[in-house]
Amino acid sequence: MASSDDTSALELRDATDLHVALVAGVCTVGLTLALKYGAGVEVSFVYRLSPLAPYFAYVFSRGAGLGGRTWMGLIVAITLGTFGFFVV
């Protein structure tokens, strides 16, 4: 039987998963819109999906002992790096 501490940890994990997924989705859509309409640069579909790479790493590694904020920061950094690479 699971204790109440296990249940609250599971609920927290689900909220963290939701937040990381939300950041990945917003960054993916934002990168596409910023490249196409903001910078006027046509970029391959694969590169526009680059914010999803750390998200999949998060999902398949079960967080790898890193906090959700670290993963969200990594997703944002990859997004900004991709934008900078194609615009500059």
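Numbering starts at 1 and runs along the sequence shown.
With values rounded to the nearest 0.5 angstrom, Ile75 atom CD1 is found 12.0 Å from Leu80 atom CG. In this structure, CZ in Arg48 is found 15.5 Å from SG in Cys27, a value given to the nearest 0.5 Å.
Thr16 and Gly68 make their closest contact through CG2-CA, 3.7 Å (heavy atoms, listed as atom of the first residue, atom of the second, distance). Residues Met72 and His19 come closest through the heavy atom pair SD-O, 4.0 Å.
Follow the hydrophobic side-chain contacts under 4.5 Å out from Phe56 and you reach Leu49 in the same cluster. Under a hydrophobic clustering in which Ile, Leu, Val, Met, Phe, Trp and Tyr are joined whenever their side-chain heavy atoms come within less than 4.5 Å, directly or via other members, Leu22 and Tyr58 fall into different clusters. Val46 and Leu52 are members of different hydrophobic clusters when ILVMFWY side chains are connected at heavy-atom separations under 4.5 Å.
Contact annotation: the side chain of Trp71 approaches that of Ser61 to within less than 4.5 Å [non-hydrogen atoms, C-beta and beyond]. The closest side-chain heavy-atom distance from Phe45 to Thr32 is not below 4.5 Å.
Phe86 belongs to a hydrophobic cluster whose other members, connected by ILVMFWY side-chain contacts under 4.5 Å either directly or through intermediates, are Leu31, Leu35, Val41, Val43, Tyr47, Phe83, Phe85, Val87.
Under the side chain to side chain contact (heavy atoms under 4.5 Å, CB included) rule, Pro54 has a single partner from Val76, Val20, Val23, Ile78, which is Ile78.
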